[in-house]
**Q** 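Quick one: the structure is below, questions incoming.
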Amino acid sequence: RAGKPKGVEKASLPIYSIGPRPIYEPVESTKPGRSFELEIYSDHIDLSGETILMRKATAQMKIFQVLLDQFYVDLKSGLEPEHYQPLNVDKIADVLNEGKDSDNKDLEAARRAVNRLQENLETNVKKKIGLPIDRMDIVQTVNLSDESTTDHGYRLNPFTIILRPLKTAKK
């Protein structure tokens, strides 16, 4: 028996049709040591030298910017990562609505835009860089529910991201 293969974090479990099944030891999550060093430009966001979000994804860039602004406020306040404030969908809809009729906000469109942002970041990191990443490693969904409401908030994940200073666009 050769033991566990080196470099394989998670492998599919074999299916056995007869006989006793081998003892399965779950693999530890890679999240505790996982981090993403983001470089923030005025027109795009890079990770490891690869662009993972561009200005042409206008709604997603606006959402990222408002989450980034809140991240900076929490960072300056010296909060512990678990106390970083998530923004609810209403606040994100305000940003996407750009000060227009506040009674006519489309909260579902804002929620979908955040979900697309999470999915696109995950997909781009996997395809372009090949790093292991989960959907909420950069933009985290936080449960804001109480007894009377069921709601979620969103924030840049203070446990996994490292930010580089804002830079001007590459020329």
Side-chain angles (χ1 to χ4, degrees), residues 29-145 149-171:
S29 170
T30 58
K31 279 189 178 187
R34 189 183 294 179
S35 65
F36 301 93
E37 186 176 309
L38 300 177
E39 296 175 17
I40 311 296
Y41 294 88
S42 58
D43 66 339
H44 66 281
I45 298 164
D46 286 358
L47 175 66
S48 299
E50 292 288 336
T51 300
I52 60 169
L53 186 62
M54 295 177 62
R55 182 180 7 191
K56 69 180 181 180
T58 309
Q60 293 176 34
M61 275 299 272
K62 285 179 185 176
I63 292 168
F64 192 91
Q65 187 60 52
V66 75
L67 295 176
L68 180 64
D69 292 344
Q70 183 61 48
F71 186 90
Y72 286 146
V73 167
D74 295 338
L75 186 65
K76 282 184 194 177
S77 299
L79 295 177
E80 294 292 322
E82 56 271 4
H83 298 295
Y84 276 44
Q85 295 299 307
L87 298 177
N88 64 17
V89 176
D90 194 47
K91 171 68 174 163
I92 292 170
D94 284 341
V95 171
L96 294 177
N97 214 23
E98 297 178 336
K100 297 175 189 160
D101 182 11
S102 62
D103 294 332
N104 198 17
K105 290 186 280 193
D106 189 350
L107 299 179
E108 193 57 37
R111 185 175 280 111
R112 282 192 307 267
V114 174
N115 288 332
R116 276 194 306 276
L117 173 62
Q118 289 175 313
E119 290 167 6
N120 288 344
L121 289 171
E122 178 186 19
T123 300
N124 287 336
V125 169
K126 284 180 179 177
K127 282 184 179 178
K128 293 182 176 185
I129 304 163
L131 292 174
I133 184 172
D134 289 330
R135 176 187 168 104
M136 290 193 281
D137 277 351
I138 295 177
V139 176
Q140 185 180 34
T141 303
V142 180
N143 187 1
L144 300 176
S145 300
T149 63
T150 301
D151 197 13
H152 292 88
Y154 304 94
R155 66 182 181 186
L156 293 184
N157 192 333
F159 297 100
T160 60
I161 65 168
I162 302 167
L163 297 177
R164 291 287 174 224
L166 182 66
K167 300 179 181 181
T168 56
K170 293 179 182 178
K171 295 184 181 183

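It should be emphasised that the depicted structure is a prediction, and the values quoted were computed from it without experimental measurement.
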**Q** Answer whether the closest heavy-atom distance between the side chains of I162 and L38 falls below 4.5 Å.
**A**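 No, side chains not in contact.
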**Q** Supply the atom-to-atom distance L156 CG to Y72 OH, rounded to the nearest 0.5 angstrom.
**A**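 The OH atom of Y72 is 9.0 Å from CG of L156, to the nearest 0.5 Å.
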**Q** What's the separation between atom OG in S77 and atom NE2 in H83, rounded to the nearest 0.5 Å?
**A**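 Going from OG on S77 over to NE2 on H83, the span is 12.5 Å.
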**Q** Answer yes or no: does atom NZ of K91 have more than 12 heavy-atom neighbours from other residues, nucleotides or ligands under 6.0 Å?
**A**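 No, because the 6.0 Å sphere around NZ of K91 holds 12 heavy atoms or fewer from other groups.
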**Q** Quick one about T160 and D137 (side-chain donor to acceptor, distance below 3.5 Å, no hydrogens or angles considered), yes or no?
**A**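 Per modelled atom types, D137 and T160 side chains form no pair under 3.5 Å.
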**Q** Mind jotting down which residue pairs meet the salt bridge (charged side-chain N to carboxylate O under 4.0 Å, His left out) criterion with at least one end in residues 63-73? Sequence neighbours excluded, please.
**A**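 Those involving residues 63-73 do not exist here.
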**Q** Salt bridge (Lys or Arg N to Asp or Glu O under 4.0 Å) between D134 and R34: does it pass, once the steps are laid out?
**A** CA-CA 10 Å; D134 289 330; R34 189 183 294 179; 3.5 Å; yes
**Q** Answer whether the closest heavy-atom distance between the side chains of R135 and E119 falls below 4.5 Å.
**A**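 Yes; the side chains approach each other to less than 4.5 Å.
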**Q** For a 4.5 angstrom cut-off between non-hydrogen side-chain atoms, does Y154 reach P86?
**A**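 No, their side chains stay 4.5 Å or more apart.
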**Q** Could you measure the distance from the CD1 atom of I133 to the CG atom of L121? Nearest 0.5 Å is fine.
**A**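 Separation between the atoms: 7.0 Å.
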**Q** So, do I138 and N157 sit near enough that their side-chain heavy atoms are less than 4.5 Å apart?
**A**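 Result no, sub-4.5 Å side-chain heavy-atom pair not found.
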**Q** Kindly indicate whether the side chain of V142, heavy atoms from C-beta on, has any atom under 4.5 Å from the side chain of H152.
**A**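 No - every pair of side-chain heavy atoms lies 4.5 Å or more apart.
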**Q** Less than 3.5 Å apart, any donor N or O on the side chain of T141 or Q118 sitting next to an acceptor on the other?
**A**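 There is such a pair between these side chains.
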**Q** Do I45 and M61 have side-chain heavy atoms sitting under 4.5 Å apart?
**A**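 Side chain of I45 against side chain of M61, heavy atoms only: contact under 4.5 Å found.
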**Q** Working to the nearest 0.5 angstrom, can you tell me the gap between N124 CG and L47 CG?
**A**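 Taking CG in N124 and CG in L47, the distance rounds to 10.0 Å.
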**Q** Do I63 and V95 have side chains that get closer than 4.5 Å, going by heavy atoms?
**A**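 Result no, sub-4.5 Å side-chain heavy-atom pair not found.
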**Q** Would you mind checking if E108 and R111 are paired as a salt bridge, meaning a charged N to carboxylate O distance below 4.0 Å?
**A**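 Yes, R111 and E108 are salt-bridged.
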**Q** Would you say the side-chain atoms of N88 pair up with the backbone N or O of D90, donor to acceptor, closer than 3.5 Å?
**A**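 Yes.
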**Q** If you look at every heavy atom in P81 and F159, which pair is closest and at what distance?
**A**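 Result for this residue pair: CB-CE2, 3.5 Å.
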**Q** Taking only residues two or more places apart in sequence, or in another chain, which ones meet Q85 in a side chain to side chain donor-acceptor pair (under 3.5 Å)?
**A**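 Listed in chain order: nothing, the list is empty.
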**Q** Taking all heavy atoms of V89 and all of L107, pick out the closest pair and write down the distance.
**A**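 Smallest interatomic distance, heavy atoms only, reads CG1-O, 3.2 Å.
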**Q** Any donor and acceptor pair, going by atom type alone, linking the side chain of K128 with main-chain N or O of T51 inside 3.5 Å?
**A**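 Such a contact is found between K128 side chain and T51 backbone.
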**Q** Is it true that Y84 and E82 share a donor-acceptor pair across their side chains at a distance under 3.5 Å?
**A**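 Side-chain D/A pair, E82 to Y84: absent.
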**Q** In Å, rounded to the nearest 0.5 Å, how long is the span from CD of E50 to NE2 of H44?
**A**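 One gets 10.5 Å once the value is rounded to the nearest 0.5 Å.
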**Q** Before you tell me yes or no, could you show the steps for L96 and K62 under side-chain contact (heavy atoms from CB on, under 4.5 Å), namely the whole-Å CA-CA distance, both residues' side-chain angles and the distance that decides it to 0.1 Å?
**A** CA-CA 7 Å; L96 294 177; K62 285 179 185 176; 4.3 Å; yes
**Q** Are R116 and Q60 close enough that some pair of their side-chain heavy atoms sits under 4.5 Å apart?
**A**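 Contact flag for R116/Q60 side chains = yes.
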**Q** Identify, with sequence neighbours excluded, every residue that meets side-chain contact (heavy atoms from CB on, under 4.5 Å) alongside T123.
**A**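 Here the qualifying residues are K127.
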**Q** Give, for atom CZ of F64 and atom CG of N120, the distance between the pair rounded to the nearest 0.5 Å.
**A**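 Output value for this atom pair is 13.0 Å.
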